[in-house]
Amino acid sequence: MCFLVRSVDAVGFGASITASFSILAKAFPNNIATAMGCLEIFTGLGLVLGPPIGGILYQTFGYEIPFIAIGCFVLLMIPLNIFVLPEYDSLPGKDSFWTLVKLPKIMLMSFIIFSLSACLGFLDPTMSLFVIETFQLKVGYVGLVFLGLALSYSLSSPLLGLISDKLPELRKWLLIFGSLGTAMCFFMLGPAPIFHIESKLWLFILVLVLDGFCIGLCGIPVYPEMLSAAYENGFEEGLSTLGLISGLFSAMWSTGSFVGPTFGGFLSEKINFKWAAACQGLLPLVAFVLSIIFYSCEARGKKSSSSLEANGSVQEREPLLQEEQ
């Protein structure tokens with residue numbers, strides 16, 4: 001029954017995220033990252049309030065009440081979705097989903113999404129147990145530890161979204177440094193035994209704060225980069241393309257949300273949390289390396305194409321000059 005309930009929950013989550021991203025991009029076509037960054041404030045707010053409120057409800061009323069409470073709250077959102085959200089007319093697009101997936105930049109963005117989602121998902125089943133065993137915290141206080149990651153992510157997202165929209169040439173650097181920072185944070189989350197650093201609660205919270213900021217560095221520019229890559233490769237502007245990109249984004253995020261807890265929980269059980277977190281940090285590290293390679297090749301290709309255009313224009317001018325002489 002738990003698997004059935006979670007499966008239905010996943011279908012609803014995937015449908016709502018795909019639709020909401022498409023509507024967001026359609027409503028704010030010139031400020032997608034800024035709008036996403038502002039909305040991520042409320043994502044962070046949910047991450048901030050969810051764990052402590054859930055912990056209090058669990059300690060006070062038992063296991064069932066937190067789920068019943070959040071279910072009733074989500075149920076109240078249905079009439080708001082019906083009457084508040086805009087309606088857009090759209091014709092079916094000619095572009096194929098597989099054509100989108102085969103684009104090199106889309107592949108890179110998809111892996112970045114997967115790595116971020118897997119890293120966040122890894123924390124769900126493992127971090128609370130590690131904090132309780134290592135720092136002897138009560139269940140009600142464990143949720144407060146999540147505040148570091150959630151607050152830094154939600155507070156930095158609007159600024160990162162504004163930078164991504166106003167200075168699109170900086171998106172690649174946000175992705176590169178965000179991936180590297182996320183990898184380093186997971187190496188220091190334990191910290192990894194190779195560093196020979198003792199686990200401290202203040203250090204753990206500090207790393208979570210930095211991790212939230214680094215995840216924002218990567219997560220906010222990804223969607224606009226995917227959209228620009230699709231348009232640069234001939235995809236038509238409209239809800240059909242937005243739906244394809246939103247669906248791919250949701251699919252990769254959901255895949256990471258499955259792999260992260262499953263693989264992370266297995267590693268934590270077989271070895272320990274410190275090594276498991278370090279292994280999880282390899283995913284954003286690979287994303288960092290792939291980003292460096294891709295954007296280096298892209299810059300080299302743009303330089304060669306610009307030089308060819310310059311040589312072609314010079315060759316066109318030479319006959320004209322000779323005729324004038």
Side-chain angles (χ1 to χ4, degrees), residues 1-10 12-13 16-17 20 38-81 116-158 185-186 189-190 199-213 215-216 219 253-254 256-258 260-262 264-265 268-269 273 276-277 280:
M1 184 60 69
C2 286
F3 276 111
L4 179 61
V5 169
R6 292 292 287 169
S7 298
V8 175
D9 185 22
F13 174 79
S16 63
I17 289 295
S20 61
C38 293
L39 289 180
E40 289 306 303
I41 294 177
F42 298 95
T43 300
L45 184 64
L47 293 173
V48 167
L49 297 178
I53 292 177
I56 293 171
L57 291 176
Y58 172 78
Q59 282 188 327
T60 306
F61 300 104
Y63 176 79
E64 296 89 355
I65 295 301
F67 295 99
I68 296 174
I70 194 65
C72 293
F73 185 77
V74 173
L75 198 63
L76 295 176
M77 298 301 297
I78 294 177
L80 288 177
N81 290 336
L116 293 180
S117 177
C119 287
L120 285 175
F122 163 80
L123 298 176
D124 286 340
T126 59
M127 192 179 80
S128 58
L129 296 176
F130 175 75
V131 169
I132 292 173
E133 294 174 0
T134 306
F135 307 116
Q136 286 78 46
L137 291 181
K138 295 181 180 179
V139 176
Y141 293 105
V142 172
L144 298 176
V145 178
F146 283 86
L147 293 179
L149 188 150
L151 281 176
S152 62
Y153 175 73
S154 59
L155 294 177
S156 63
S157 291
C185 286
F186 271 83
L189 199 59
S199 298
K200 299 288 186 180
L201 182 59
W202 67 267
L203 178 61
F204 189 82
I205 295 175
L206 176 62
V207 171
L208 285 179
V209 171
L210 295 176
D211 191 25
F213 176 72
I215 288 175
W253 187 271
S254 299
S257 298
F258 169 77
T262 306
S268 295
E269 184 177 314
F273 176 85
Q280 198 71 40

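All values below were derived from every heavy atom in this structure, side-chain atoms included, with hydrogens, water molecules and symmetry-related copies excluded.
- In terms of modelled atom types and a separation under 3.5 Å, the side chain of Thr126 and the main chain of Gly265 share no donor-acceptor contact.
- Between the CZ atom of Phe213 and the CG atom of Leu151 there is a distance of 14.5 Å, given to the nearest 0.5 Å.
- The CD1 atom of Ile215 lies 9.0 Å from the CG atom of Leu208; values are rounded to the nearest 0.5 Å.
- The two residues Gly190 and Ser199 come nearest to each other via the heavy atoms O-OG, 2.5 Å.
- Between the Ser117 side chain and the Ser257 main chain, a donor and an acceptor come within less than 3.5 Å of each other.
- Residues satisfying the side chain to side chain donor-acceptor pair (under 3.5 Å) test with Ser154, not counting sequence neighbours, are none.
- Using a 4.5 Å cut-off on side-chain heavy atoms (C-beta onward), Leu189 and Phe186 make contact.
- Applying the side chain to side chain donor-acceptor pair (under 3.5 Å) rule to Ser254 yields no partners; only residues at least two apart in sequence or on another chain are considered.
- A tilted orientation is assigned to the rings of Phe273 and Phe204, their planes being inclined by 30° to 60°.
- Taken from CD in Gln280 to CG in Leu120, the straight-line distance is 10.0 Å, to the nearest 0.5 Å.
- The distance from atom CD1 of Ile205 to atom CG of Leu210, rounded to the nearest 0.5 Å, is 12.5 Å.
- The minimum heavy-atom distance linking Ser152 with Gly212 is given by the pair OG-CA, 3.3 Å.
- Across all their heavy atoms, Ala276 and Ser268 have their closest contact at CB-OG, 3.5 Å.
- Taking the six-membered ring for Trp and thresholds of 30 and 60 degrees, Phe130 and Phe135 have ring planes more than 60 degrees apart, a perpendicular arrangement.
- Note that the CZ atom of Phe13 and the OG atom of Ser16 stand 6.5 Å from one another [nearest 0.5 Å].
- Distance check, rounded to the nearest 0.5 Å: OG of Ser128 to CD of Glu133 gives 9.5 Å.
- Listed here is the closest heavy atom pair of Leu129 and Pro125: CD1-O, 3.6 Å.
- Partners of Thr262 by side chain to side chain donor-acceptor pair (under 3.5 Å), not counting sequence neighbours: none found.
- Checking side-chain atoms of Thr60 against main-chain N and O of Leu57 turns up no donor-acceptor pair under 3.5 Å.
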